[in-house]
Amino acid sequence: MADLRINLAGIESPNPFWLASAPPTNTGYQVQRAFEAGWGGAVWKTLGDPIINTSSRFAAVHYNGQRVAGFNNIELITDRPLEVNLKEIAETKKRFPDRALVASLMVEPKREKWHEIVKKVEAVGVDGLELNFGCPHGMAERGMGSASGQQPDLVEKQTYWAKEAARTPVIVKLTPNITDITATAAAAVKGCADAISLINTINSLAGVDLDSWNTIPHVGGKGSHGGYCGPAVKPIALNMVAECARNARIDVPISGIGGISDWRDAVEFMLMGATGVQVCTAVMHHGFRIIEDMLDGLNTYLDRKGIARVGELTGRSVERYTEWGNLDLNYAVTARIDTETCISCNKCYIACEDTAHQCIDRLTDAEGRSYLKVREEDCVGCNLCAIVCPVEGAIEMVEQPSALGSMTWNERQAAIASLKRKEA
Amino acid sequence: MFISAEALRRNFAEVKAGMRPKEAIEESNRCLYCYDAPCIQACPTGINIPSFIKKIATGNLTGSARTIMDANPVGASCARVCPTEELCEGACVLNHSSKPIRIGDLQRYATDWAIKNEQRLFAAGARIGRSVAVVGGGPAGLSAARELARFGFDVTVFEARAQAGGLNTYGIVSFRLPQPISLWEVEQIRGLGVDIRTNTAVGRDVTAEELLNGYDAVLLAAGMSKVPMLGIPGEELEGVYDAIELVEGTKISLSPELGGRHVAVIGAGNTAIDAATCAVRMGAVHVEICYRRTQQEMTAYEFEYEFAKSDGVAFRWLTAPQRIIGDENGRVKAIECIRMKLEPSPDGGRARPVPVPGSEFVIEANAVVKAIGQKRHVQLIDQFGLAHSRGIVSVDPATYQTSNPRIYAAGDIIFGDGQGEAMVVSAAQQGKLAAYAIYKQLAAAGVSNP
């Protein structure tokens with residue numbers, strides 16, 4: 001059994017799995033059920049001036065018969081009075097003192113507003129604060145959420161205001177609806193944030209109904225963009241976490257969010273720099289009980305890898321993530337088809353033939369059976385065949401020894417430049 | 001023993017339920033959508049299976065049904081009667097890594113949807129001013145008629161029975177293929193302007209000569225006839241049935257005729273199984289199949305055999321009937337059999353059953369059903385003056401032309417002697433190919449500019 005405890009900028013929790021600020025953390029009843037199930041922490045649904053939520057709020061993208069590849073919501077922050085939330089937060093913390101209980105906050109971009117809410121919330125005993133600069137719908141029109149989160153100066157200023165009043169660690173939650181997330185991440189750090197969490201949801205329209213032509217979801221025949229999350233956004237979130245993790249200006253811990261559905265996703269986020277992770281869509285799909293396999297799977301994985309503490313995973317793959325210009329242009333892999341395992345669906349053949357490099361041949365053996373073979377000399381190692389292959393292990397991408405040494409694009413450009421200098 | 005009309009109706013209702021929508025969605029999404037898929041090659045009619053399955057997955061059920069019926073004009077019936085594990089499903093690449101796609105069930109799902117939603121899937125082609133007489137409205141004849149109508153021919157189908165559909169309408173037990181499915185296929189074809197003249201037998205209501213004089217081409221697709229005589233004493237007794245007639249009877253109206261009876265079925269082909277399971281469902285108390293060879297040699301499909309066993313049908317192998325014994329009123333009361341043993345065939349073919357001397361024994365039975373194959377329409381073939389071998393019409397395998405080049409033949413009437421296959425789906429394909437040959441032949445004669 002590995003040690004699963006984490007410490008994110010001073011906030012301690014018994015395991016790295018927190019519930020993200022969202023519908024599952026709307027009430028004390030829910031958060032306490034989650035803690036009973038084993039969740040290590042929870043970020044309470046965003047507190048602020050109560051709003052009115054619409055009826056019909058969520059929608060999902062289903063893919064090839066699988067439910068919830070992606071999830072879209074137009075729900076806003078809490079619609080319950082602040083006092084009720086604070087009372088339940090206090091009760092929850094009292095019942096589960098060892099869990100991380102973080103309050104998500106969103107107020108107008110005014111100094112006194114931030115001071116006021118930070119003091120009220122800290123008074124009931126939270127372990128930390130998360131500033132919601134990410135919510136992409138509803139609140140943005142009022143100058144809050146992603147409206148302020150898209151402006152680095154506002155992020156910095158508001159973080160600073162919160163920090164002025166805060167005695168617990170302040171996490172700044174970032175919106176992905178921005179060209180370069182490291183700009184706002186750096187602004188948060190400049191504003192003295194203790195940690196950042198990312199990503200919030202991505203602007204989205206889940207779909208259009210083919211019969212009624214209404215948006216999905218619609219509220220009385222009208223729709224509005226929502227925030228997208230769930231398994232489909234994981235690669236986007238993972239990249240943004242990694243970009244922050246490898247950026248020297250962003251030297252604070254990261255809480256990873258975005259499509260994390262099981263322990264494997266969590267490990268990936270941690271390897272790419274996250275100290276802990278936050279989960280929402282997966283519990284909305286399956287309930288809090290998924291924590292059982294998350295803990296068990298993570299534990300088993302760490303034991304198998306011989307890792308004593310989960311914290312040792314954090315950032316271990318960050319140095320392997322770099323600019324394209326640093327990739328070795330002489331590195332080569334080629335596809336190899338194992339005819340024993342191959343079931344002859346010809347998916348790789350048609351994918352390569354129509355959309356890649358036409359290097360898979362359909363041949364016939366001595367017994368008249370057809371089989372597939374890669375013309376390795378024409379294979380560029382794009383991986384497409386292995387991606388479309390439905391059978392594990394039928395196509396392997398084999399590393400090819402290179403006669404040439406490593407040469408990156410940056411090195412190549414530098415070499416050309418130095419040659420030109422010599423010529424001159 | 002009494003069997004109620006309600007119990008009879010229930011016994012003959014379709015055994016297998018159709019897929020539920022979620023099942024169909026899950027299963028259709030499991031299909032890999034292979035390129036140059038082996039299931040297509042394995043389908044005698046070459047249905048583009050990955051395409052029709054993809055269409056189920058995308059909610060395009062009309063398109064799915066059209067893809068199926070385009071390749072196979074009796075594709076709704078075939079969804080139920082095809083030996084899929086020997087055809088498409090047997091070829092599915094997923095056999096090598098998990099389990100095959102339930103292609104037959106998905107085909108049924110799409111075609112059932114089209115039936116339920118009254119889809120009209122095809123339109124007739126522009127008239128080309130040529131006519132074809134199709135003799136026989138079974139799978140081969142209907143299939144040809146459909147394709148010919150799409151080419152723009154004026155097509156008339158001459159069907160001896162009250163309804164078209166042939167084997168699908170009259171020969172396959174209702175609990176596997178309900179009659180409305182086959183009749184929907186007939187209506188689809190009638191909807192293309194094909195004139196289907198039922199209760200019209202060649203040689204009785206119309207002559208071969210009239211067809212040859214009145215049409216540019218004739219397609220002979222009359223299938224096969226009744227079960228032949230066993231050639232043993234007692235066949236004339238009351239209580240001896242022809243399996244084909246027995247099954248056909250249940251397709252017209254259900255009778256409790258075999259209620260409480262002990263039934264012996266002679267033969268172990270698919271028709272024997274159909275007759276045996278029909279007998280069970282008509283209320284027979286005991287049904288056994290007597291076959292002179294063994295399970296190894298029987299021609300019934302494996303799934304048919306399993307189905308019969310699950311219906312409680314008993315099997316007596318290496319058992320040949322010697323004579324049927326009647327009571328004083330001329331009714332069957334028993335059947336005397338003799339044990340057989342198998343000896344290698346001198347020509348290396350199927351093992352030969354040989355009687356074991358002195359091994360006679362008597363089986364109590366008050367109904368005997370003959371299911372030892374089907375007779376040929378020799379009389380009909382002779383009316384057209386066609387060359388044949390023991391009732392199997394000789395055709396050019398490339399053009400389906402008979403010894404009279406204006407007469408083509410397809411389906412069971414050409415099955416046998418290593419020619420063709422006795423499956424509905426093969427008959428449908430032969431009908432299509434015969435139609436293409438007729439089109440090509442008549443187009444070569446200037447049909448495109450009549």
Side-chain angles (χ1 to χ4, degrees), chain A residues 60-69 207-213 216 231 335 337-365 367-374 384-396, chain B residues 18-43 46-64 85 87-103 105-106 109-110 113 117 119:
Chain A
V61 173
H62 310 304
Y63 185 71
N64 285 355
Q66 298 290 319
R67 307 296 287 182
V68 197
V208 180
D209 187 285
L210 294 184
D211 294 319
S212 68
W213 299 357
I216 302 173
I337 299 170
D338 174 18
T339 49
E340 290 300 304
T341 322
C342 172
I343 60 172
S344 302
C345 67
N346 300 326
K347 299 285 288 187
C348 59
Y349 167 79
I350 198 60
C352 185
E353 194 67 13
D354 283 355
T355 67
H357 294 84
Q358 301 80 46
C359 61
I360 299 178
D361 291 326
R362 298 182 71 192
L363 305 170
T364 308
D365 69 12
E367 274 116 60
R369 285 186 301 249
S370 65
Y371 69 99
L372 298 165
K373 193 170 193 304
V374 177
L384 180 62
C385 55
I387 289 166
V388 301
C389 178
V391 179
E392 204 63 46
I395 301 182
E396 191 190 353
Chain B
M19 279 181 147
R20 289 163 291 178
K22 182 165 167 57
E23 264 183 298
I25 289 295
E26 285 174 359
E27 192 65 1
S28 58
N29 276 301
R30 209 166 65 80
C31 173
L32 297 177
Y33 196 61
C34 296
Y35 175 73
D36 195 7
C39 54
I40 305 176
Q41 312 294 332
C43 174
I47 295 175
N48 190 336
I49 293 164
S51 171
F52 96 69
I53 293 179
K54 180 97 172 161
K55 289 174 187 200
I56 294 175
T58 69
N60 177 12
L61 286 163
T62 305
S64 181
E85 63 267 46
L87 301 172
C88 50
E89 291 172 19
C92 178
V93 300
L94 287 174
N95 280 297
H96 308 298
S97 67
S98 75
K99 53 182 198 265
I101 298 295
R102 291 162 58 193
I103 298 168
D105 292 343
L106 287 169
Y109 182 80
W113 186 89
N117 292 279
Q119 297 294 299

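Convention: sequence-line order gives letters A, B, ...; per-chain numbering from 1. Values below: all heavy atoms of this structure, side chains included; hydrogens, waters and symmetry mates excluded.
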### Query
Given Arg102(B), which of Glu23(B), Glu89(B), Glu85(B) fulfils the salt bridge (charged side-chain N to carboxylate O under 4.0 Å, His left out) condition?
Glu23(B)
### Task
Report yes or no: does Lys347(A) contribute a side-chain atom to a donor-acceptor pair with the main-chain N or O of Pro390(A) at less than 3.5 Å?
no
### Query
If contact means a heavy atom pair closer than 4.5 Å, which residues of residues 34-43 of chain B contact chain A?
Cys34(B), Tyr35(B), Asp36(B)
### Query
Is the shortest side-chain N to carboxylate O distance from Lys22(B) to Glu26(B) below 4.0 Å?
yes
### Message
Tell me if a side-chain donor or acceptor on Ser64(B) pairs with a main-chain N or O of Asn60(B) at a distance below 3.5 Å.
### Response
no
### Task
Evaluate whether atom CD of Gln66(A) has more than 12 neighbouring non-hydrogen atoms of other residues, nucleotides or ligands under 6.0 angstrom away.
no
### Query
Does the Asp361(A) side chain pair with the main chain of Leu363(A), one donor and one acceptor, at a distance under 3.5 Å?
no
### Query
Do you know the tightest heavy-atom contact between Phe52(B) and Ile103(B)?
CZ-O, 3.8 Å
### Query
Is it true that a side-chain atom of Glu396(A) and a backbone atom of Ala394(A) form a donor plus acceptor pair closer than 3.5 Å?
no
### Message
Does Tyr63(A) have more than 12 heavy atoms from other residues, nucleotides or ligands lying within 6.0 Å of its OH?
### Response
no
#### Entry: Structural part of Ile25(B) lying under 4.5 Å from a heavy atom of chain A
side chain
### Residue-level contacts of residues 90-100 of chain B with chain A, using a heavy-atom cutoff under 4.5 Å
Val93(B), Leu94(B), His96(B), Ser97(B)
## Note on the structure
Separation between CH2 (Trp113(B)) and CD1 (Ile56(B)), nearest 0.5 Å, reads 11.5 Å
#### Entry: Residue among Asn64(A), Leu210(A), Ile343(A) with most heavy-atom pairs under 4.5 Å to chain B
Ile343(A)
